[in-house]
Asks: 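Got a structure for you, written out below as C-alpha cells; questions coming shortly.
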Amino acid sequence: MDIRTRSHGRRRRPNPLRRRSDVVEAWVVVLVAVLLCVVAPLVGTAAGLHTYDRARAHAEEQRAERHAVRAVVLGRPTARPTVHGDRGHGYRAEVRWTEAGPESEPGQQKRTAVAHVPAGTRAGDTVTVWFDGRGRTVAPPPNDVAVWQHTVAVGLGMAGGTAAIVLLARAMERRVALRHRLDEWERAWARTGPRWTRRRA
C-alpha cells in the first residue's frame, strides 16, 4: 500500500523542469490544431454554401431576364478578346437571326447585331446569342458548372485565408513565446548561477 501511495504521489507532483511557458505552448499547439482542422474547414464550408445560394439566385435571375437566339455569323470575328473572354465568348462579330414579327406584321423578320461569339468562330457558323430585356447583346448567364466553380473557389479561398491567419498568428506567438522563454531562463540562471559558482569555488 505504501509503495502504491508513493507512486501515485509522485505522479501528482508537478514536473520541476516544466515551466509555465511550456504549459501555455502546449495549449497553443492544441488550439492551433483545432483551428486548422475544424474551424478553417467550417469557415470555408459556410462561405461556400452562402456563395452557392447567392450565385445560383443570380444565375436564375439572369436566365429569367435574358433570352437566347440561334444566329449565323456574317463577318470575321474581331481578333481582340473582349471582357467576356473568361467565359469562352471572348470575340465579337456581326450576326443575323430570324425572329417572329409582331401581331401587326405577321411573318418572320431578319435582324442583325454585333454580339459576343466563342473563340474560333468563323463566318457562316451558327452560334447562340444572348440578349437582355432591352435587346442588347450580353454574355450568356452562368451555368451550373460556373456556379460550382465560383462556390468552390470562394470556399477554398476562405478556408485558406483562415488557415493563413492562424499560421501567421502562430508564428507571431512563437516569437513572443521564445522571448519570454529566454527571459525565464535568464531569471532562473540569475537565481541558480551564483550557487553553482560558489560550489565550484
Side-chain angles (χ1 to χ4, degrees), residues 32-171:
V32 170
V34 172
L35 291 175
L36 291 178
C37 299
V38 179
V39 177
L42 288 178
V43 171
T45 301
L49 293 175
H50 179 68
T51 301
Y52 175 76
D53 292 336
R54 294 188 60 182
R56 186 178 62 177
H58 182 65
E60 292 177 353
E61 181 181 353
Q62 286 190 352
R63 293 191 188 104
E65 294 177 350
R66 302 176 182 184
H67 65 279
V69 298
R70 297 291 292 174
V72 178
V73 179
L74 299 179
R76 182 179 180 182
T78 57
R80 185 177 182 180
T82 65
V83 294
H84 301 284
D86 56 341
R87 290 189 181 179
H89 291 68
Y91 298 85
R92 296 174 67 88
E94 186 178 7
V95 297
R96 181 181 60 197
W97 72 99
T98 303
E99 66 180 15
E103 295 180 359
S104 58
E105 299 178 4
Q108 294 184 340
Q109 296 181 352
K110 293 184 178 180
R111 297 183 180 276
T112 60
V114 177
H116 302 285
V117 296
T121 302
R122 301 177 182 179
D125 292 347
T126 302
V127 296
T128 301
V129 181
W130 287 84
F131 296 90
D132 60 8
R134 299 181 181 180
R136 298 173 301 185
T137 58
V138 292
N143 54 21
D144 294 338
V145 175
V147 170
W148 275 109
Q149 287 178 346
H150 181 62
T151 300
V152 172
V154 173
L156 291 178
M158 290 298 296
T162 303
I165 293 175
V166 172
L167 294 177
L168 179 61
R170 167 61 174 162

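Everything numeric in this text was worked out from a predicted model, so none of it was measured. Scope of the values below: all heavy atoms of this structure, side chains included, with no hydrogens, waters or symmetry mates.
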Asks: How close do Ala47 and Val154 get, heavy atom to heavy atom, and via which atoms?
Replies: O-CG1, 4.3 Å

Asks: Please list all pairs passing the side chain to side chain donor-acceptor pair (under 3.5 Å) test where one or both residues lie in residues 36-58, with sequence neighbours left out.
Replies: His58-Gln62

Asks: Please tell me if the side chains of Arg92 and Val117 come closer than 4.5 Å, counting only heavy atoms from C-beta onward.
Replies: no

Asks: First locate atom CD of Glu65, then atom CH2 of Trp130, and finally report the distance between them rounded to the nearest 0.5 Å.
Replies: 12.0 Å

Asks: Run the side chain to side chain contact (heavy atoms under 4.5 Å, CB included) test against Val39 and tell me which residues pass, sequence neighbours left out.
Replies: Leu35, Val43

Asks: Listed by chain and number, what are the side chain to side chain contact (heavy atoms under 4.5 Å, CB included) partners of Val32, not counting sequence neighbours?
Replies: Val28, Leu36, Val166, Arg170

Asks: Can you name the closest pair of heavy atoms from Leu74 and Ala123 and give their distance?
Replies: O-CB, 3.8 Å

Asks: Could you work out, with side chain to side chain contact (heavy atoms under 4.5 Å, CB included) as the rule, every residue matching Ala46, not counting sequence neighbours?
Replies: none

Asks: Where do Val127 and Pro118 come nearest, in terms of heavy atoms and distance?
Replies: CG1-CD, 4.1 Å

Asks: Excluding sequence neighbours, so at least two apart, what forms side-chain hydrogen bond (donor to acceptor under 3.5 Å, both in side chains) with Arg96?
Replies: none

Asks: Return the set of residues passing side chain to side chain contact (heavy atoms under 4.5 Å, CB included) with Ala55 (not counting sequence neighbours), or none when no residue passes.
Replies: Val147, His150

Asks: Val73 vs Glu94, test: side-chain contact (heavy atoms from CB on, under 4.5 Å). Steps then yes/no.
Replies: CA-CA 6 Å; Val73 179; Glu94 186 178 7; over 6 Å; no

Asks: Hey, could you give me each pair passing side chain to side chain donor-acceptor pair (under 3.5 Å) that has a residue in residues 135-146? Not counting sequence neighbours.
Replies: Asp132-Arg136

Asks: What are the two closest non-hydrogen atoms of Ala59 and Pro142, and how far apart are they?
Replies: CB-O, 3.6 Å

Asks: Return the minimal non-hydrogen interatomic distance between Val69 and Phe131, and the atom names on each side.
Replies: CG2-CE1, 3.4 Å

Asks: Spell out, as yes or no, whether a donor-acceptor pair under 3.5 Å connects the side chain of Arg66 to the backbone of Ala139.
Replies: yes

